[in-house]
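In what follows, a single structure is set out as structure tokens and then discussed.
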Amino acid sequence: MPARLVELLQHLVNGLSVGTIYALIALGYTMVYGVLKLINFAHGDVYMVGAFSGYYLAGRLVPERAAGAPPPGLAGATLQAALVTLGAMAVCALLGLAIERFAYRPLRGRARLTSLITAIGVSLLLEYGFQLQPIRGLPVAFPPGPTPRFFPELLPRADWSLGGVSLSNYDVIGLAVAVALMIGLQLVVYRTRFGTAMRAVSFDPKVAALMGIPVDRIIAGTFALGSALAAAAAILNAVPRPQIHPLFGLLPGLKAFVAAVLGGIGSVPGAMVGGLALGLAEELVAGYTASSFKDAIAFTVLILVLLFRPDGLFGRARVEKV
Amino acid sequence: MRGARGVAPVAILLALAACERKRPAEGVAAAAPAAAAPAPGQPLLLGHVASLTGNEATFGDSTEKGIRLAVDERNAGGGVAGHPVAIRTYDDQGKPEEAAIVATRLAVEDRAQVLLGEVASKRSLAMAPIADRYQVPMVTPSSTNPKVTVENDQVHPYVFRVCFIDPFQGGVMARFARQTLHLSRVAVLRDVGNDYSVGLADFFLARFRALGGEVVDDESYKAGDQDFKAQLTAIKAHRPEAIYVPGYYTDVALIARQARELGMAQPLLGGDGWDSAKLFEISRGALEGSYFSDHYSAEDPSPAIQGFVSRYRTRFGAVPDSMAAMGYDAARIAMDAMARARDLTGPAIRDALAATRGFAGITGTISIDAHHDAVKPAVVLQVVNGAGKFVAAVQPD
């Protein structure tokens, strides 16, 4: 293959790999916005907590192997990886429930700005709470403090070179798991009673309540679902890119928010497409122009979308009913 | 709760009063030196600002160990001018704003005689104006960016360093790459948010070009980034023979791993920011065969270095990296200056520091020049079996 094509394909592989992470985080933003019209700025930090939950769980579940001991079989490693991922998703679902119950629910019905400011407060609480020194007497070093930790390799890494384009099993697994989760989410939203109730709440919470839909429970469930997806994204990201620290959810969180706006905030397929598009745009801009623009591109996209298509790619301009 | 609420305004008032009291002293500190000098027998305080946690946690940790060793040895020999020497260390978590806060605290509240730190140039730059304002001499062990001591052609009167500076360090690696490794095409990957990395990359580039080499790509990242593959893929397409990555060890190790994942086999080149046991741990062999410039090599057979290495190893159970050696030298220079100073006020210690000539340090003979820098040789180390092996020593031009 010509060198230029190899380079382009490699950029596409890299961009998709990062884009799936943005897409999974963006789903949490978009679902919460859909039901509450609230931008949950703490979502990027839920993603961070997901990575640390996985880190601590892996530390318990995957014991340090003695030098020379045989590596665990692929089946065993897969089981461990699945357990770590599901465990982290459960922890984050609980965290999502707690944040909704204690930070947002008491403010429901107040001005929307109040909740937004609270969201920023929750975000800072998680970021700086996790930077405190570990509490003595806990079985794990928690909070982790500001020193970065390194996520263990849950599965043995395999690298392939296809005509010069490097690809690893992590990229493939990451994409497969992300797509599976998104299809699952789409089924939940459109094929289950919970999903129907969620869409009803999104359409009009007051009328939904009159129809006997338990609005508070549906909102709590939405938070749990979105937070669990963030945890899955965190594990998928932390295995190939192992550095985790308390502030590392900040930028992916902001970028995923941009991805959600790009796709049309409130739209599930929009979040997926927005995430992938943003990952690719970042990669191509960094690869072909100056790499110092890499982080700027997301916010340039945000400004352009807000200027020219405020409803995003998949958003429908709705007429406000009076 | 009510009690606590009552305390806060009082604390603020007290803090304000402390500031108020300090302020008139600034202008007339030289006129009233006795206030700052401790009574005979009272300990002299070295205030250490260190990144004990954060992305560069080993920098602070190693420097602290080096300082402790130097101070304990000095105290065993009777201290400085009849005073024992004490150390107070605050963690800045690797953040410049925290470094500024704790440096102020050491200068104002703890009344440290000398500030030691930081390792990272970015954080030393945050401390430098504080040292000047409170007239507390500051000795940075290993900040190599020129701006730390000389900003806008003005020498910071109270800021000194005991290491070489980056125009020299960048030149060392450029010369090594061009003349020893005979490389003609290199790419650069720098941390844009870091004064040290940006400066070192510029000095390397200028020298490498002047020596007839070609710089095929110049990419950047930000410290703490997760993914470097966009930059590495772009670099790969330019087919350089080596990549200069003058960053800190955590990022460098991850960059090396991702480069190998993309099938890139080029050696990486770097500076003293690589020096950490964590570099080898995180990179998992991805840096084998790469080179970096550094302050000293623990393999150096000279009796001074071997003596230091064995004392440090007995005490802390590890081979001292160059941050430990620089911390040791910085503390010894600071104590030597306090011993020579006409009294123990900031300006007197400052004058003694500026007059340091031919001090036999572990990392070379240290003379402070007019820019408050030390002119010293550098070494080039190669990563072999997860450790830095001595390759060459380069004398100052």
- request: Answer yes or no: does atom OH of A/Y288 have more than 12 heavy-atom neighbours from other residues, nucleotides or ligands under 6.0 Å?
  value: yes
- prompt: Where on A/R4 is there a heavy atom nearer than 4.5 Å to chain B: the side chain, the backbone, both, or neither?
  reply: neither
field: Option passing side chain to side chain contact (heavy atoms under 4.5 Å, CB included) with A/S166 (candidates B/K236, B/Q258, B/R260, B/M264)
entry: B/K236
- prompt: Side chain, backbone, both or neither: which part of A/A3 has an atom under 4.5 Å from a heavy atom of chain B?
  reply: neither
message: Please identify, among B/S220, B/G54, B/A234, the residue contributing the most non-hydrogen atom pairs under 4.5 Å to chain A.
response: B/G54
query: Hey, what do you get for CG (A/N14) to CG (B/L232), rounding to the nearest 0.5 Å?
result: 9.0 Å
message: Counting heavy-atom pairs under 4.5 Å with chain B, which one of A/S168, A/P242, A/P246, A/P240 comes out on top?
response: A/P242
- prompt: Does the side chain of A/E153 reach to within under 4.5 Å of the side chain of B/R284, using non-hydrogen atoms?
  reply: yes
query: From A/T147 OG1 over to B/L52 CG, what is the distance, rounded to the nearest 0.5 angstrom?
result: 9.0 Å
- prompt: Which bit of A/L251 is near chain B, if near means a heavy-atom gap under 4.5 Å: side chain, backbone, both or neither?
  reply: side chain
Over 12 foreign heavy atoms within 6.0 Å of CZ, B/R239: no
- request: Dump the intermediate steps for side-chain contact (heavy atoms from CB on, under 4.5 Å) on A/K294 and B/D227, then the final yes or no.
  value: CA-CA 11 Å; A/K294 187 177 176 188; B/D227 193 282; 4.3 Å; yes
field: Residue part contacting chain A, namely of B/L254, when any heavy atom lies under 4.5 Å
entry: side chain
- prompt: Under a 4.5 Å heavy-atom cut-off, does chain A meet the side chain of B/T250, its backbone, both or neither?
  reply: side chain
- prompt: In terms of heavy-atom pairs under 4.5 Å with chain A, which of B/I282, B/D225, B/D91 leads?
  reply: B/I282
query: Which bit of B/R190 is near chain A, if near means a heavy-atom gap under 4.5 Å: side chain, backbone, both or neither?
result: neither
field: Rounded distance (nearest 0.5 Å) linking atom CD of A/E283 with atom CD of B/Q231
entry: 8.0 Å
- prompt: Is any NZ, NE, NH1 or NH2 atom of the basic residue among B/E261 and A/R241 found under 4.0 Å from an Asp or Glu carboxylate oxygen of the other?
  reply: no
query: If you count heavy-atom pairs under 4.5 Å between each of A/E7, A/Q10, A/H11 and chain B, which one has the most?
result: A/H11
field: Nearest-0.5 Å distance, NZ of residue B/K222 to CG of residue A/D295
entry: 3.5 Å
Contacting moiety of A/Q133, where chain B heavy atoms sit under 4.5 Å: side chain
statement: Rounding to 0.5 Å, atoms CZ (A/F150) and NZ (B/K278) come to a distance of 7.0 Å
query: Under a 4.5 Å heavy-atom cut-off, does chain B meet the side chain of A/S292, its backbone, both or neither?
result: both
statement: Note: A/S291 and B/E219 closest approach over all heavy atoms is OG-OE1, 2.7 Å
